[in-house]
Number of protein chains: 2
Amino acid sequence: MEHPLIRDLRQAGYRLTPQREAVIAVLGETHAHLTAPEILRRAQEHIPHLNKSAVYRALDVLTHLSLVNPIDLGKGEIQYELNCLPHHHHLVCQQCGKITDVGESVFGELEKILRTQYGFAPFLYHFAIFGICRACQPKVRRTRVSLVLARCAQIEQPLARRATRKRARPR
Amino acid sequence: MEHPLIRDLRQAGYRLTPQREAVIAVLGETHAHLTAPEILRRAQEHIPHLNKSAVYRALDVLTHLSLVNPIDLGKGEIQYELNCLPHHHHLVCQQCGKITDVGESVFGELEKILRTQYGFAPFLYHFAIFGICRACQPKVRRTRVSLVLARCAQIEQPLARRATRKRARPR
DNA sequence: TTCCTTATTGCAACTAGTTGCATCAAGGAA
DNA sequence: TTCCTTGATGCAACTAGTTGCAATAAGGAA
Ligand SMILES: [Mn+2]
Ligand SMILES: [Mn+2]
Ligand SMILES: [Zn+2]
Ligand SMILES: [Zn+2]
């Protein structure tokens, strides 16, 4: 019988092509977060001369059908995963990089407010919420940064990327 | 006297360069959301031979200091704005594209939960929340899409981009 | 099964964004 | 004011992602 994602794709009026099938297969083979170039590379094991445009377009279609979630964990790359239940979200510490998974219930109240007060039906599939984890909060200097105050204690440390570059070539 | 953002930049140990000053000036001149290429173009009116790397790196620094917010409204481009108080967020309808601004209070309960249950201090500066607006909800077909059900009524319509391409060349 | 419509692909040319390294200059120290 | 340290820039070469168009093929109809 047919993969449920493929059924949904067809039901939405899209055609099933070997290219899309390969992308779905790659995403179905793992529960990890994959970048588009990674997906391209793996899908080429199924279809050797698969073009990158087809992959990007397939990911667009699947994302717009909410069959796939795009994820930005602040690493400077977008990752993709199948949209599975139950949904989960990630707390990303800007200081140490630690990622904590949380269930979908944290958005319960937000969803209620948006539905009742705004009549808006939100898609709360997979969020990355940036901030400072418990362990890092004492380490973060209590600098007052312009308009963003107390409530949002600020980071003072240079970017991970820049720091890396620095260490790599101390001259 | 000194611009507060520049004071914050210095206080965090970064140097003030004409390049960074130009980027800050461009963002300060407008309250609109600007893309990196737009910022580059405008900043080159201040510094004609300004290099794009400097702009991207300046935006990185300002973002990591939370002086600037990067914004993804689902248009396939990242926009930037100064991080001003009071914070606001956007509800983006996936069906008609309508964008509704909401205040920061919608995240009140979420922030409380993350702080008390997880000890996590979130940065809730500027979010885009995707979903379906009140007006579009009747239009959205009640298709059951794989694992994502009832609660998350699904979109069946092709992407805006692809639709455009389609209309543009009906052959 | 064959045909037809048109969605989808591959491709090429493009824009966006990243990175390593040599050079430059901000800004603190003397 | 001059010097020095080292953070920041410019550049070039790269990867990531987008787009218009001609060719292809999915899948419905006959
Ligand atoms: Mn995840
Ligand atoms: Mn905004
Ligand atoms: Zn941390
Ligand atoms: Zn709408």
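Every chain is numbered from 1, with letters handed out A, B, ... down the list of sequences. Fair warning: this is a prediction, and the values are worked out from it, not measured in the lab.
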Walk me through it: do A:Tyr80 and A:Ile71 pass the test side-chain contact (heavy atoms from CB on, under 4.5 Å)?
-> CA-CA 6 Å; A:Tyr80 297 87; A:Ile71 311 160; over 6 Å; no
Within this structure, what is the CG-to-C1' distance between A:Asp60 and D:dG17, rounded to whole angstrom?
-> 10 Å
B:Gln11 CD to C:dG27 P: how many Å, rounded?
-> 14 Å
With no hydrogens and no angle check, do the side chains of B:His126 and B:His87 hold a donor and an acceptor under 3.5 Å apart?
-> no
Sugar-phosphate only, base, or nothing, as touched by B:Thr17 at under 4.0 Å among non-hydrogen atoms = sugar-phosphate
Report yes if a side-chain nitrogen or oxygen of A:Arg57 is closer than 4.0 Å to either non-bridging phosphate oxygen (OP1 or OP2) of C:dT8; otherwise report no.
-> no
Are A:Asp101 and A:His90 linked by a side-chain donor-acceptor pair shorter than 3.5 Å?
-> yes
Please check the phosphate of D:dA26 (OP1 and OP2 only) for any side-chain N or O of A:Arg20 closer than 4.0 Å.
-> no
Rounded to whole Å, the NZ-P distance (A:Lys52 to D:dT18) equals 10 Å
Contact nearer the 5' end of DNA chain C, comparing A:His49 with B:Leu16 = A:His49
Would you kindly give the CG-to-C1' distance between A:Asn51 and D:dA23, to the nearest whole Å?
-> 14 Å
Counting only side-chain N and O atoms of A:Gln19, is one of them less than 4.0 Å from OP1 or OP2 of C:dG10?
-> yes
What's the CD1-C1' distance between A:Ile39 and D:dG17, to the nearest Å?
-> 13 Å
Find the distance A:Tyr14:OH to D:dG27:C1' and express it as a whole number of Å.
-> 17 Å
Pairwise 5' ranking along DNA chain D for B:Ser53 and A:Ala36, keeping only the more 5' one | B:Ser53
Is any side-chain N or O of B:Arg15 closer than 4.0 Å to OP1 or OP2 of D:dT9?
-> no
Residues A:Arg115 and A:Glu111 bridged, charged N to O under 4.0 Å = yes
Length of the line joining A:Glu77:CD and D:dA16:C1', which is rounded to integer Å = 11 Å
Run the side-chain contact (heavy atoms from CB on, under 4.5 Å) check on A:His3 and A:Ile24 step by step: do they pass?
-> CA-CA 9 Å; A:His3 187 120; A:Ile24 291 170; 4.2 Å; yes
A:Ile47 has an atom CD1; how far is it from atom P of C:dT8, in whole Å?
-> 15 Å
Short side-chain N/O contact from B:Tyr56 to OP1 or OP2 of C:dG17, under 4.0 Å | yes
